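Indexing begins at 1, ligand by ligand and atom by atom, following the structure's order. Model, not experiment: these values are computed from the prediction.
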Amino acid sequence: MIWRGRNFSVDFSDGRSRVMGILNVTPDSFSDGGSFTNPKAAVARALAMVEAGAEIIDVGGESSRPGSASVSLDEELRRVIPVVEHLTRGALSIALRPLISVDTTKSEVARRALEAGAHIINDISAGCFDPAMLATVARAGAGLVLMHMQGTPQTMQLDPRYDDVANEVTGFLRERLAAAEAAGIAAEQIAVDPGIGFGKTVEHNLTLLRRLSAVCAFGRPVLIGVSRKSLIAKLLGADGKNPDALRQGSITAAVWAVAHGARIVRVHDVAETAQALRVIDEFRRKP
Ligand code: 7PM
């Protein structure tokens with residue numbers, strides 16, 4: 001399986017899973033041990049994650065924390081674009097060449113980030129929030145992550161309901177894959193993500209993690225983000241305020257996801273997760 005766009009290519013046929021390191025550039029980012037609104041600090045953090053084994057850096061300027069307020073276009077551009085420019089134009093990109101994805105639902109942020117050299121747009125709304133998003137990704141020939149969310153970040157955790165969560169999530173992803181392809185995005189540019197924690201109860205999340213094969217059946221790389229999420233905190237009876245208390249649980253969830261077919265995991269603790277995945281990748285490898 002290959003994931004590629006005009007300026008990147010990831011070949012999963014080597015059997016290795018890939019770590020996507022989370023780079024929050026939000027002043028209110030809480031779960032990465034600090035915030036990186038200063039581009040220099042953000043670049044240093046990105047470099048550390050790449051050295052620790054991240055092959056993709058996911059730059060996010062709009063917190064999608066449940067109940068969080070949305071960020072203005074100007075503010076999100078101010079946070080994200082300088083960091084993308086540093087990451088794609090600086091020495092880091094030449095020496096280590098991480099792929100840069102940008103976690104945004106705004107087509108103007110996507111357009112400017114892709115113009116600055118980003119490779120992938122990670123849209124937690126799967127192109128539903130901004131009607132120009134799919135055309136923007138198509139025009140740039142970029143990679144795209146299509147993620148499922150029920151509702152919006154402001155309201156999604158109030159009362160999530162499904163008749164059959166696995167069916168509804170795969171049905172949504174099937175519809176968004178078709179919409180993306182109709183907009184001129186090739187299937188090989190797309191990765192899919194069931195959106196752990198995005199309008200889901202603990203039981204919904206567990207069902208999706210048990211039925212990952214249903215998401216893998218699209219034949220596209222599956223991305224899972226579960227690192228430090230409230231799912232892990234709830235399973236451990238932790239309050240979620242101390243990220244150290246969620247590290248081992250998050251790694252275990254990442255290992256489960258990869259063992260059940262996920263190809264990319266989006267994480268905070270890159271070194272520890274990369275080590276775990278190196279082992280599980282060998283277990284998975286076909287003889
Ligand atoms: C507060 C709550 C802050 C949740 C941040 C988050 C995903 C993502 C995020 C994911 C993809 C986080 C999330 N999660 N993109 N962006 N998949 N594709 O825990 O699961 O980082 S934001």
Side-chain angles (χ1 to χ4, degrees), residues 3 18-36 45 49 54 56-71 76 79-80 99-106 109-110 118-129 133 137 142-157 160 169 172-173 176 180 190-200 204-205 208-209 212 215 220-234 240-241 243 246-247 249-250 253-254 257 262-270 273:
W3 188 23
R18 294 334 197 253
V19 173
M20 172 186 271
I22 300 169
L23 187 66
N24 284 320
V25 290
T26 57
D28 61 329
S29 62
F30 68 105
S31 57
D32 60 1
S35 62
F36 299 101
R45 170 80 184 139
M49 290 197 290
I56 310 170
I57 299 296
D58 190 41
V59 183
E62 178 179 45
S63 172
S64 24
R65 181 184 315 187
S68 64
S70 53
V71 171
E76 196 177 337
R79 292 175 185 178
V80 168
L99 298 183
I100 306 304
S101 75
V102 175
D103 190 338
T104 188
T105 60
K106 297 185 180 73
V109 174
H119 306 89
I120 295 156
I121 298 303
N122 174 23
D123 183 352
I124 62 165
S125 82
C128 292
F129 288 179
M133 181 60 96
V137 171
L144 176 64
V145 179
L146 292 174
M147 195 196 81
H148 173 272
M149 165 165 47
Q150 184 180 80
T152 66
Q154 289 74 39
T155 61
M156 65 189 181
Q157 289 308 110
V169 168
F172 172 85
L173 291 173
R176 298 315 295 163
I190 301 170
V192 292
D193 181 341
I196 298 302
F198 285 87
K200 283 121 186 153
H204 295 143
N205 289 316
L208 289 168
L209 287 164
L212 270 189
V215 185
R220 298 309 310 147
V222 171
L223 188 157
I224 293 289
V226 66
S227 181
R228 299 186 190 174
K229 284 190 177 172
S230 72
L231 167 65
I232 305 296
K234 285 174 184 157
K241 289 188 180 118
L246 305 181
R247 181 174 298 123
S250 298
R263 301 274 57 122
I264 308 150
V265 288
R266 183 181 176 278
V267 306
H268 301 85
D269 298 301
V270 171
T273 308

message = Does any N or O of ligand 1 fall below 3.5 Å from an N or O anywhere on Asp58, backbone included?
response = no
query = Hey, which atoms in ligand 1 end up nearer than 4.0 Å to a heavy atom of Asp193?
reply = 10 (C), 11 (C), 17 (N), 18 (N), 20 (O)
query = Going by the atom numbers of ligand 1, which of them fall below 4.0 Å from some non-hydrogen atom of Ile124?
reply = 8 (C), 15 (N), 16 (N)
message = I'd like to check Arg220 versus Leu173 (side-chain heavy atoms, cut-off strictly below 4.5 Å). Are they in contact?
response = no
note = Here the gap from Met20 atom CE to Ile264 atom CD1, rounded to the nearest 0.5 Å, amounts to 6.0 Å
message = Distance under 4.0 Å to a non-hydrogen atom of Val145: what atoms of ligand 1 satisfy this?
response = 18 (N)
request  = Below 4.0 angstrom from a heavy atom of Gly225, which ligand 1 atoms are there? Numbered from 1 as shown, please.
outcome  = 20 (O)
task = Check whether any side-chain heavy atom of Val145 sits under 4.5 Å from a side-chain heavy atom of Trp3, and report yes or no.
result = yes
task = Go through the structure and list residues passing salt bridge (charged side-chain N to carboxylate O under 4.0 Å, His left out) with Asp193, not counting sequence neighbours.
result = none
ask   = Does Ile22 reach the side chain of Arg228, with side-chain heavy atoms less than 4.5 Å apart?
value = no
message = As a check for students: among Asn122, Leu146, Asp123, identify the option with a heavy atom nearest to atom 18 (N) of ligand 1.
response = Asn122
ask   = For ligand 1, which atoms, with element, lie under 4.0 Å from some heavy atom of Phe198?
value = 7 (C), 9 (C), 10 (C), 14 (N), 20 (O), 22 (S)
ask   = Given side chains that start at C-beta, do those of Thr105 and Ser70 come closer than 4.5 Å, heavy atoms only?
value = no
inquiry  = Under 3.5 Å between any N/O of Asp103 and any N/O of ligand 1: does that happen in this structure?
reply    = yes
key: Separation of Ile121 CD1 from Met133 CE (nearest 0.5 Å)   = 6.0 Å
Arg266 and ligand 1 - part of the residue with a heavy-atom distance under 4.0 Å = side chain
